[in-house]
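Computed over heavy atoms, backbone and side chain alike; hydrogens, waters and symmetry mates excluded.
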Amino acid sequence: LSLLRCENLTNIIFVYLAKYCNKLKHLSFGGSPTNYNGHFTFEGIEVLCQINSDLETIRIEYCSRIGEQCVELLFKRFGESLKEFHLVRNCFEKCSKITDKLINKMEYVPNLEKLSFVYIRSFREKFHIYLSSHLHKLKVLNIRECPMQEDFSVLWEGCPLLEEVDMSGDSWVKCETVLGLSKHKNLKIFRLGH
């Protein structure tokens, strides 16, 4: 179910999803790059987590009030079933915070194969450590427009199935990061630059 580019939807939609969508596996929701959804909140995510279905894919785009607590709640509820998680933002809107603390909660989603965090500026030196510690089944990593400064060679062993990495956009990527990734034996696709 896709509810993208719906900047005026409110938390009430999660009530209906939880009540009527017992077989839902894939959910996308949010606003657009120019019109963020500011109505979805932690309370709405709490209601969504009452759905009687195990989601496999969650995609959240341009929601200014969906932050660390919301995502952690989703990870805890859909942990074992979740295979894809995507959180997309941009620089034109103030958003609820996402930090390395959230990445350390990846222990709840051990079966994640695809992960996207687009335009998150607050990841620090532990980001790659947490990824390699928890996401051993990860195949696709999209961290477009996120500053990455660390040596990503730790992903060789921690994420052995990794095939695709996107670090394009205004990412401020250091040479050490690229060099570490370049040695990954299964990496097939690597995006860098504007």
Side-chain angles (χ1 to χ4, degrees), residues 1-7 9 11 13-14 17 24-49 51 55-79 81-124 126-128 130-131 134-135 137-148 159 162 164-173 191:
L1 175 65
S2 179
L3 301 170
L4 295 174
R5 300 191 173 270
C6 297
E7 57 272 0
L9 279 181
N11 285 335
I13 192 68
F14 298 130
L17 292 177
L24 189 65
K25 295 294 179 189
H26 309 280
L27 176 62
S28 301
F29 61 91
S32 69
T34 53
N35 292 302
Y36 270 53
N37 180 300
H39 305 292
F40 294 144
T41 64
F42 181 79
E43 291 75 21
I45 298 301
E46 282 184 311
V47 172
L48 175 63
C49 287
I51 194 170
L55 293 176
E56 295 176 4
T57 303
I58 299 174
R59 182 174 195 88
I60 304 168
E61 293 190 6
Y62 309 112
C63 292
S64 56
R65 297 175 72 185
I66 300 293
E68 209 158 72
Q69 288 182 314
C70 295
V71 177
E72 183 178 345
L73 195 61
L74 291 169
F75 284 174
K76 285 180 179 177
R77 167 58 184 88
F78 302 107
S81 64
L82 202 60
K83 294 181 180 174
E84 292 187 34
F85 182 79
H86 309 278
L87 181 62
V88 179
R89 318 207 236 195
N90 71 18
C91 58
F92 302 112
E93 183 81 18
K94 287 187 176 181
C95 295
S96 294
K97 199 174 215 180
I98 301 284
T99 68
D100 284 1
K101 289 178 185 176
L102 172 66
I103 306 306
N104 199 24
K105 304 299 181 187
M106 291 290 178
E107 63 185 329
Y108 297 119
V109 287
N111 298 313
L112 210 62
E113 295 177 3
K114 294 183 179 181
L115 174 64
S116 297
F117 284 115
V118 177
Y119 205 93
I120 296 177
R121 299 298 201 184
S122 48
F123 290 144
R124 297 293 177 246
K126 298 283 188 181
F127 177 82
H128 61 305
Y130 295 147
L131 282 184
H134 303 304
L135 299 185
K137 296 182 180 179
L138 190 66
K139 293 180 181 177
V140 178
L141 176 63
N142 179 355
I143 45 176
R144 188 166 39 91
E145 300 192 68
C146 298
M148 291 294 144
C159 303
L162 193 63
E164 181 177 342
V165 176
D166 187 344
M167 290 183 162
S168 62
D170 185 14
S171 299
W172 301 333
V173 178
R191 294 184 177 89

- Walk me through it: do Met167 and Arg144 pass the test side-chain contact (heavy atoms from CB on, under 4.5 Å)? CA-CA 5 Å; Met167 290 183 162; Arg144 188 166 39 91; over 6 Å; no
Kindly compute the distance separating [atom1] ([X]) from [atom2] ([Y]), expressed to the nearest 0.5 Å.
X: Glu61; Y: Arg89; atom1: CD; atom2: CZ; result: 12.5 Å
X: Phe29; Y: Leu4; atom1: CZ; atom2: CG; result: 9.5 Å
X: Met106; Y: Glu72; atom1: CE; atom2: CD; result: 11.0 Å
X: Glu164; Y: Leu141; atom1: CD; atom2: CG; result: 9.5 Å
X: Thr57; Y: Leu27; atom1: OG1; atom2: CG; result: 9.5 Å
X: Leu138; Y: Leu112; atom1: CG; atom2: CG; result: 6.5 Å

What's the shortest heavy-atom distance between [X] and [Y], and which atoms?
X: Leu74; Y: Phe85; value: CD1-CE1, 4.4 Å
X: Ser81; Y: Leu55; value: OG-O, 2.7 Å
X: Cys70; Y: Phe42; value: SG-CA, 3.6 Å
X: Gly38; Y: Ser64; value: CA-OG, 3.6 Å
X: Ile143; Y: Met148; value: CD1-CG, 3.7 Å
X: Tyr119; Y: Cys146; value: N-SG, 3.8 Å

- Would you sort out whether Leu1 and Leu3 count as a side-chain contact (heavy atoms from CB on, under 4.5 Å), showing the intermediate values? CA-CA 7 Å; Leu1 175 65; Leu3 301 170; 4.2 Å; yes
- Item | Any residue meeting salt bridge (Lys or Arg N to Asp or Glu O under 4.0 Å) with Arg77, in chain and number order, not counting sequence neighbours | Asp54
- Query: Does the side chain of Val88 come within less than 4.5 Å of Phe117's, by heavy atoms?
  - Reply: no
- Query: For residues Asn111 and Lys83, is any side-chain donor paired with an opposing acceptor at under 3.5 Å?
  - Reply: no
- More than 12 heavy atoms of other groups within 6.0 Å of Lys101 NZ: no
- Item | Pair Arg5-Glu7, salt bridge (charged side-chain N to carboxylate O under 4.0 Å, His left out): steps then yes or no | CA-CA 6 Å; Arg5 300 191 173 270; Glu7 57 272 0; over 6 Å; no
- Task: Go through the steps to decide whether Leu115 and Leu131 satisfy the test side-chain contact (heavy atoms from CB on, under 4.5 Å), and finish with yes or no.
- Result: CA-CA 10 Å; Leu115 174 64; Leu131 282 184; 3.7 Å; yes
- Task: For this output row, return yes or no: ring centroids of Tyr108 and Phe78 closer than 6.0 angstrom.
- Result: no
- Query: Which residues pass the side chain to side chain contact (heavy atoms under 4.5 Å, CB included) test with His39, sequence neighbours left out?
  - Reply: Asn8, Thr10, Asn37
